[in-house]
Amino acid sequence: MTASNVNEDYFCLSQNLTVRAITVVQQELLEFLSKNNSATIGFADDTQVDLSFIQLMEAARIYAGTAGKSIALARPADGPVLNVLKRGGFLEGMTAEDTKFWLHEGGIQ
Amino acid sequence: MSFPDPIAVFRTEAAELLEQIEAGLLDLNVNLGDKDQVDAVFRGLHTLKGSGAMFGFEALAAFTHHCETAFDRVRKGEVPATQELVTAVLEAKDHMRALVETPTGDHNAMSEMLLANLRSAVDAAKNPGSAPALKVAPGQTLFKIRFSLPQNAMANGTNPLPLLDELAELGECKIIADRSAIPSLDLFAPTDLYISWEVELLTTQPRSAIDDVFIFVMDEMQLDVSAVEAPPAEKPAPAAIPVPAAAATPVAAVPALTPATSGPADSKPNKAAENVRVPAEKLDELMDRVGELVIAQSRLSQLAGGSGDLQLRAVSEDVERLSGELRDTMMVLRMVPVAHLFSRFRRLVHDLAHETGKTIELVTEGESTEVDKSVIERLADPLVHLVRNSCDHGLETPEDRLASGKPEAGHIFLTARQQAGEVIITIKDDGRGINKERVRAKAESSGLIQPNASLSDQELYQLIFQPGFSTAQTVTNLSGRGVGMDVVKRTIDALRGTINVASYPGEGSEISLAIPLTLAIIDGLLVRVGSGRYVIPLSAVEECLELSIEEDMRSRGRSFISLRDSLVPFLRLRDLFRTGTKPDPFQKVVVISTGSERVGLVVDQIIGDHQTVIKGMSKLHHDVATFSGATILGDGDVALILDVGHLVSEGQQQEAHLRAAG
């Protein structure tokens, strides 16, 4: 896991966002959010992704909502992330808030 | 005195309600924001449900309740009206008709399928980002699958994504992840699986194929599968194809014509006038009685005419006048506006637009034109064939239309008007027109005409009504098999009607049907040819002339008379009917016409006008082309009714041959 400080609230994820590495990602994200009021999540084009990452982001959105913080993706989901969203049935029945967060449609959350 | 069966009364009212619901849905489909139509459809469904329950149609009431609920939600603004929802309720409406007609039938499977489609349409309307609702077609099963894997599934190496992929490979699939169990990040065990899934799978595969997907995790997972199978179709339903987006595009109506998709004012339920509902068969029975009265009156007139009793003559004249008025009143009672006939084509065109992927707007005119009800009933099938043909072959695809500089939406114009005792119904489209070269080539290759035969355009176009004749390069489920147009021809012939075809390359084609206003009683001109008497429909008679022996002799071999500087061909009925009698010294020529074409009929004597009660020809004689029916005269003799259309056509052919021969 590497967290760079391109922007103050920028949180860059590692290239392995699968169940094998997800526990570490959760800890670091929690830590980051405890120090920042917002987090802009960045990920690489060739990131390895599975459902555990989507779950983690959903859990983070709930946490941010209850803790008065904000969280957003640095860019709309594409490539492997979008592929998992699609295969996993997350694109069906998305609310406006969901599409803002994942697809940046209608403005960034 | 018999009282009407309340169930029959309900069925009649239900049929009217269903028509109103359909009209409302079709209008709504054009303008999805039309709140008046939403209200109208809701009211129709509500009334149908209530009346159904009251008359013991429980299945109808229960089924309609779901559609009413869906529209109530639209009415309250909870769900937007969508084309999918309108289509689902339209299909449900067809099922309601079946529930009205056969309430004790086994409708459960169809009901479930349609309600599943309705629910999907409502869900899709609620969540516009979601995929279109899945629709079950015959042979398919819609599985509703809900499953959750063990919480430690991912930690144990089970990846749910390949399972979902396998499900998707079984058919058309709609997967929705249920994220409601995911906790907050600080309470979250990242390797646990919190997501469960709801899947709608439309497939031809059996249930066991779904179990096979989960075979390695079956013991620890929760799997709930319910199935909705498509029952056999209740009607030759159009294929369940998603509505093309273009179909929603309303196109400006052509000036001077009334779009069938007109505003609410036109499609409101019929005015609640002080009407009495009478079963159609009672009307037919009454018509038969009036027919018999007319025949008896005719006999009375004949007897009175031969008698010197002035009082009898006076009574006879009174009876003649009264029976004539009674006949006229009866004819008016039987006349119904063609609006009833035209309204069913809105649905047909709507469904055909779905099937063909074309954008089609139906424009109607002259709906108030009235025609005898039996004519209306028999016109329905030919018109269906013609409209289907126009939609399938006449109109181009949206891409082709745009490429040729036409608007994307094609138009079908359905118009009716009265003209000299006939109703003219025209089906016109603004498509590609009939390909004359292809018609000729097909006719030549099938031996219908000689190669390079000289034919007028009209003669060429009439070939499309030959049995098995089709120039379609592809056969679709709509048309193209050459079956149908010959049925149109046969039906119109049986109605004593004529068909006229016009086509303009690249601009469209037009088929006009000219049909007598009534099939029951006509005013006729009674004539004698040899020793036989015949009736010529008076509406077709233009004038009567005397044919002197000199003129008759002069015209031998040419059969033309000069009528105000124009030559009119004539037919000697004595020769045509081979009476074997000598001509009267002062023969008469009765000039008849159909539109612009005229022909003279040479008869021996004109007896006079005659109220003609039309009786059908026997099965043995029904294909004798020269006669369209028979009638009983006052003295009990039978007179044959001449088929004006056929005789004019024969006279015109004779003229063409003579002109060709110089």
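Chain letters run A, B, ... following the sequence lines, proteins first, then strands; residues in each count from 1.
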* By ring-ring contact (aromatic ring centres under 6.0 Å, His included), which residues pair with Phe53(A), not counting sequence neighbours? -> none

* Is a side-chain N or O of His66(B) found less than 3.5 angstrom from the main chain of Leu114(B), in a donor-acceptor match? -> no

* **Donor-acceptor pair, side chain of Ser14(A) and main chain of Asn16(A), under 3.5 angstrom** => yes

* From CA spacing to verdict: side-chain contact (heavy atoms from CB on, under 4.5 Å), Ile195(B), Glu58(A) -> CA-CA 11 Å; Ile195(B) 302 164; Glu58(A) 289 295 326; over 6 Å; no

* **Full working for side-chain contact (heavy atoms from CB on, under 4.5 Å) between Arg61(A) and Trp102(A)** => CA-CA 11 Å; Arg61(A) 289 175 65 196; Trp102(A) 286 108; 3.7 Å; yes

* Structure fact -> Taken to the nearest 0.5 Å, the spacing of Gln140(B) CD from Glu172(B) CD works out to 7.5 Å

* Does the distance from a Lys or Arg side-chain N to an Asp or Glu carboxylate O, for Arg119(B) and Asp123(B), drop under 4.0 Å? -> no

* To do: Considering only heavy atoms and a distance below 4.5 Å, find which of Asp178(B), Ile175(B), Asp192(B) pairs most often with chain A.
  => Ile175(B)

* Under 4.5 Å from a heavy atom of chain B, the part of Leu33(A) involved -> side chain

* Check step by step if salt bridge (charged side-chain N to carboxylate O under 4.0 Å, His left out) holds for Asp72(B) and Lys76(B). => CA-CA 6 Å; Asp72(B) 194 27; Lys76(B) 290 173 178 166; 3.0 Å; yes

* Asked: So which bits of residues 38-46 of chain A come within less than 4.5 Å of chain B, counting non-hydrogen atoms only?
  -> none

* With a 4.5 Å cut-off on heavy-atom pairs, point out which of Tyr194(B), Trp197(B), Phe188(B) contacts chain A the most. => Phe188(B)

* Structure fact -> Heavy-atom closest pair (Leu193(B) atom, Pro160(B) atom, distance to 0.1 Å) is CD2-CG, 4.0 Å

* Heavy-atom pairs under 4.5 Å with chain B, option from Thr66(A), Thr23(A), Leu29(A) with the top count -> Thr23(A)

* Asked: Is it the side chain or the backbone of Leu164(B) that comes within 4.5 Å of chain A heavy atoms, both, or neither?
  -> side chain

* **side-chain contact (heavy atoms from CB on, under 4.5 Å) evaluation trace for Leu167(B) with Phe214(B)** => CA-CA 9 Å; Leu167(B) 276 180; Phe214(B) 298 107; 3.8 Å; yes

* **Proximal to chain B - members of residues 82-90 of chain A, heavy-atom separation under 4.5 Å** => Val84(A), Arg87(A), Gly88(A), Gly89(A), Phe90(A)

* Is any NZ, NE, NH1 or NH2 atom of the basic residue among Asp98(A) and Arg179(B) found under 4.0 Å from an Asp or Glu carboxylate oxygen of the other? -> yes

* **Leu85(B) backbone acceptor or donor facing Thr82(B) side chain under 3.5 Å** => yes

* To do: Identify which part of Asp165(B) has an atom lying under 4.5 Å from any heavy atom of chain A, answering side chain, backbone, both or neither.
  => side chain

* For the side chain of Ser52(A) and the backbone of Val19(A), is there at least one donor-acceptor N/O pair under 3.5 Å apart? -> yes

* Asked: If you look at every heavy atom in Gln83(B) and Asn29(B), which pair is closest and at what distance?
  -> CG-OD1, 3.4 Å

* Is there any residue in residues 203-212 of chain B with a non-hydrogen atom under 4.5 Å from a non-hydrogen atom of chain A, and which ones are they? -> none

* To do: Quick one: sort the Phe32(A) and Phe11(A) rings into parallel, tilted or perpendicular, breaks at 30° and 60°.
  => tilted

* Structure fact -> Separation between CG (Leu17(A)) and CD1 (Ile22(A)), nearest 0.5 Å, reads 6.0 Å

